[in-house]
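Here is the structure we will look at, set down as structure tokens.
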Amino acid sequence: MGRWSIVRCSSSILLTFYSAIVVNSPSGTAAFSRQQIRMVEGHSVHRVASLHRQRLVGKKFKAFSPNGRFTDGANAINGKTFTNIEAVGKNLFAFFGEKGAGKEDETVVHVHFGMSGAWAVYNLKDESPPEPTKTNRLRLECPGIVADLSAMTVQHGGLELYHEKRKKLGEDPLRSDADPEALWNKVNRSKKSIGAIIMDQSFFAGPGNIYRAELLFKAGIHPDRCGSDLKKKEFDRIWYHTVELLKRGYETGSILTVDPKEALSLGKPKLRRYIYNSSKCPRCNSPIKTWQIANRTCYACLKCQPFNRAKDTVVVTPSPKDHVPFNSHCARESAESRLADSGASRLSVKEIKLELARLGVDLPSEKLKKAELVKLLDRNNKSPPQQHVMLVSPEEAAREKARSGESMAVEHIAELGPTQARKARSSSVLLFPDDAEAQSVDGTHKQSSKRSTAEQKRKPTRKSKQSKISSSKND
């Protein structure tokens, strides 16, 4: 194979199904990967932002840092109103300020969840928040609500912090201001592989390792293809599937990349993902190959994603040169986005009047107050609320993962605290007892969690022995 080689897929690669995460090793025993690196991906961060707009924005909070690692930031926002929250890729920006104060006086809290962060909200009417842990960076309290933030990065500053971070981030496929043409111009000049580019948040803001594997498979592009070698139509396919898959993840709360109709045609109706953590390609049955790109495992089917460069060419991935920053416009959200998301109340008087003029609505008086203008625009705005999507609840997303047999270590739910996630998953076992165990390809049942494995090793009681004897007779 010359200078370019691919590492063979090991027996620790997992087959991921709605109802199983099991693969047979050469010895015939179930083998599970212990070296999984997970990251809160862009769709989950956008879900946090959407839910917090409903639950937290507009409220004034008492703020403090339980573990003492965000004391200055907590003091800066203590007693201030949570005015807005914005997601850009894997980054959250929360804005706090005084009512009537200018934007220049706002305090910005920047959050990057890292591997297993969460920003959980507890409604005190329904549940009591757990005692703060050593990972709790920030706790927000107001009558009836407690919100706990645990994350890898939590920092605060003025609007300059937002602008500084925002301009370093690339195009977010879930944002209405994403500019795929600007991204194409950057990709087309890059000597990095497309597999490295997708993981570079200054190019694609939001996708992580699972999405990289899946969207490149759906686009039919080998991860080692050089960005500058891609044709425009190939890039367009990549961008299309990036938007498609992250939007699906945003709506469902899970990374589900397989099209339902194709899953049925493949004879695997509960197939969740095509090649990530899989040993065989579901389309052609070729072995999935893995190798490292920037210290992250990359996946590909070499038949469905052919490598089109000369076979002896090595794709080098140095730091980008002559980088041209994309135009972020330094705007938190467009007027169109705010109108679709929350109605006219989040627009300024000037923006409301411009929108009314666009709709051809005459003002009955030039002295209307904002509240009257808001009612007038909401009454006349017939545009479908594009940003309002019926999201699957975080609890249901957790239950869906439990029913599929997927471990909490594979995909993280940033909207729930650990206690909330375990509670939701345990309720799935009560509601769907037949799905408590994961089912492998050959129909045998395996349990993927450590807790389940430990329970299997316990000495069975007389009652359980009798149940096993009865079960074996029925089989």
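Ring pair Trp239/Phe204 is tilted by interplanar angle, where 30° to 60° counts as tilted. Using a 30° and 60° split on the angle between ring planes, Phe235 and Trp184 fall in the tilted class, from 30° to 60°.
Arg272 places no side-chain N or O within donor-acceptor distance of the main-chain N or O of Ile255, the cut-off being under 3.5 Å. Panel note: side chain Ser193, backbone Asp224; no donor-acceptor pair is recorded below 3.5 Å. When atom types are taken as modelled, the side chain of Arg248 and the backbone of Leu256 share a donor-acceptor pair closer than 3.5 angstrom. Checked by atom type and distance alone, the side chain of Asp259 never pairs as donor or acceptor with a backbone atom of Lys261 at under 3.5 Å. In this structure a side-chain-to-backbone donor-acceptor pair under 3.5 Å is missing from Glu41 to Lys90.
Contact annotation: the side chain of Pro223 approaches that of Trp291 to within less than 4.5 Å [non-hydrogen atoms, C-beta and beyond]. Counting only heavy atoms from C-beta outward, the side chains of Phe113 and Leu149 approach each other to under 4.5 Å. With contacts defined as side-chain heavy-atom distances shorter than 4.5 Å, the pair Leu140/Trp119 qualifies. With a 4.5 Å cut-off on side-chain heavy atoms, Leu230 and Ile238 count as touching.
Counting non-hydrogen atoms of other residues, nucleotides and ligands closer than 6.0 Å to CZ of Arg283 gives a total above 12. The neighbour count for Lys303 NZ, taken as heavy atoms of other residues, nucleotides or ligands under 6.0 Å away, does not exceed 12.
For His156 and Phe96, the ring centers are positioned 6.0 Å apart or more.
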inquiry  = Determine whether Tyr211 and Ile198 satisfy the following criterion, side chain to side chain contact (heavy atoms under 4.5 Å, CB included), listing intermediate values before the conclusion.
reply    = CA-CA 9 Å; Tyr211 278 123; Ile198 289 173; over 6 Å; no
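For Arg212, the side-chain hydrogen bond (donor to acceptor under 3.5 Å, both in side chains) test picks out Asn209, with sequence neighbours left out. Residues passing the side chain to side chain contact (heavy atoms under 4.5 Å, CB included) test with Glu164, sequence neighbours excluded: Lys168.
In this structure, Lys186 is positioned above the aromatic face of Phe203, its NZ or CZ under 6.0 Å from the six-membered ring centre and within 45° of the axis.
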